[in-house]
Amino acid sequence: LLALTAFICIETIMECSPCEGLYFFEFVSCSALVVTGALLLLFSLNLHTRIPQINWNLTDLVNTGLSTFFFFIASVVLAALNHKTGAEIAAVVFGFLAMAVYAVNTFLAIKKWQMSSRQQSSRQTSDYIRARTESREVVHRPEIQRLDA
């Protein structure tokens, strides 16, 4: 919602003389809104379970991390190049708020990714140990004689 609000604020600006900062902020807010919205839709409808080949925790982590970084850069650039109009100031404020929320989400995504990585590695370790144990079990077969006996 903050990315949407920042995008709406930036779209209400009618004139700009150095427009590069404004265009970059517009691109970042629109991109973050579209990608996050698509991921939200995938997760809400449980469509991500149909594509198990993708590490969805890592995908969410990358999305939130990149959105945090680019919102920070875009907000700083727009703050430095703005003309002190109400829409630009509001866009900068909502840009920094969106950056803060994405940063918190990045932190939570890191924790979730670490937990899933640990669970996956412990599951692989237990499967390996079980397989080694099963391969070492000796079935007593009287038709096979030991050579050292």
Side-chain angles (χ1 to χ4, degrees), residues 1-140:
L1 291 175
L2 292 170
L4 175 63
T5 307
F7 181 73
I8 291 171
C9 289
I10 207 71
E11 285 300 313
T12 61
I13 297 172
M14 297 296 176
E15 295 179 15
C16 62
S17 106
C19 295
E20 293 81 17
L22 187 127
Y23 293 152
F24 181 63
F25 189 89
E26 181 181 12
F27 171 76
V28 168
S29 60
C30 183
S31 298
L33 179 67
V34 168
V35 173
T36 303
L39 288 175
L40 180 64
L41 187 67
L42 279 170
F43 288 131
S44 297
L45 298 176
N46 276 336
L47 296 175
H48 66 286
T49 57
R50 294 183 180 202
I51 310 170
Q53 296 85 0
I54 297 175
N55 185 343
W56 291 104
N57 293 330
L58 184 60
T59 303
D60 187 40
L61 172 62
V62 168
N63 174 51
T64 57
L66 287 175
S67 295
T68 301
F69 175 74
F70 283 120
F71 258 116
F72 175 73
I73 299 297
S75 297
V76 167
V77 168
L78 188 62
L81 298 178
N82 74 18
H83 297 94
K84 310 278 191 261
T85 64
E88 286 178 325
I89 293 171
V92 169
V93 168
F94 283 112
F96 279 119
L97 288 174
M99 181 212 60
V101 171
Y102 273 114
V104 169
N105 197 4
T106 301
F107 175 75
L108 295 174
I110 288 171
K111 293 294 182 187
K112 188 174 181 179
W113 180 63
Q114 286 175 342
M115 284 176 56
S116 70
S117 294
R118 279 191 216 127
Q119 288 173 350
Q120 187 177 15
S121 68
S122 68
R123 193 174 329 126
Q124 287 174 346
T125 302
S126 66
D127 287 346
Y128 173 74
I129 291 172
R130 183 180 45 79
R132 279 190 55 133
T133 304
E134 288 175 359
S135 70
R136 290 181 181 203
E137 291 176 357
V138 177
V139 178
H140 182 68

Can you find a pair of side-chain heavy atoms, one from [X] and one from [Y], that are under 4.5 Å apart?
X   : Y    : result
L97 : V101 : no
W56 : L42  : yes
E88 : V92  : no

Rounded to the nearest 0.5 Å, what separation is found between the [atom1] atom of [X] and the [atom2] atom of [Y]?
X    : Y    : atom1 : atom2 : answer
L45  : R50  : CG    : CZ    : 9.5 Å
L108 : N105 : CG    : CG    : 6.0 Å
L39  : S44  : CG    : OG    : 10.5 Å

- Heavy-atom closest pair (A3 atom, F71 atom, distance to 0.1 Å) is CB-CZ, 3.8 Å
- Nearest heavy-atom contact between I10 and A91 is CD1-CB, 4.0 Å
- Item | Sequence neighbours excluded - ring-ring contact (aromatic ring centres under 6.0 Å, His included) pairs with any residue from residues 2-33 | none
- Message: Would you say CH2 of W113 has more than 12 non-hydrogen atoms from neighbouring residues, nucleotides or ligands within 6.0 angstrom?
- Response: no
- Query: Around L1, counting heavy atoms of other residues, nucleotides and ligands shown, do more than 12 lie under 6.0 Å from its CG?
  - Reply: no
Can you give each donor-acceptor pair under 3.5 Å made by side-chain atoms of residues 57-70, sequence neighbours left out, with the distance rounded to 0.1 Å?
unit_1: N57; atom_1: ND2; unit_2: S116; atom_2: OG; d: 3.2
unit_1: T59; atom_1: OG1; unit_2: N55; atom_2: O; d: 2.9
unit_1: N63; atom_1: ND2; unit_2: T36; atom_2: OG1; d: 3.4
unit_1: T64; atom_1: OG1; unit_2: D60; atom_2: O; d: 3.0
unit_1: T64; atom_1: OG1; unit_2: L61; atom_2: O; d: 3.1
unit_1: T64; atom_1: OG1; unit_2: T106; atom_2: OG1; d: 3.2
unit_1: S67; atom_1: OG; unit_2: N63; atom_2: O; d: 2.9
unit_1: T68; atom_1: OG1; unit_2: T64; atom_2: O; d: 2.7
unit_1: T68; atom_1: OG1; unit_2: Y102; atom_2: O; d: 3.2
unit_1: T68; atom_1: OG1; unit_2: A103; atom_2: N; d: 3.2
unit_1: T68; atom_1: OG1; unit_2: T106; atom_2: OG1; d: 3.3

- Message: Under the rule for side chain to side chain donor-acceptor pair (under 3.5 Å), what residues qualify as partners of E26, not counting sequence neighbours?
- Response: none
- Message: Using modelled atom types and a 3.5 Å cut-off, is there a donor and acceptor pairing between side-chain atoms of S31 and backbone atoms of V28?
- Response: no
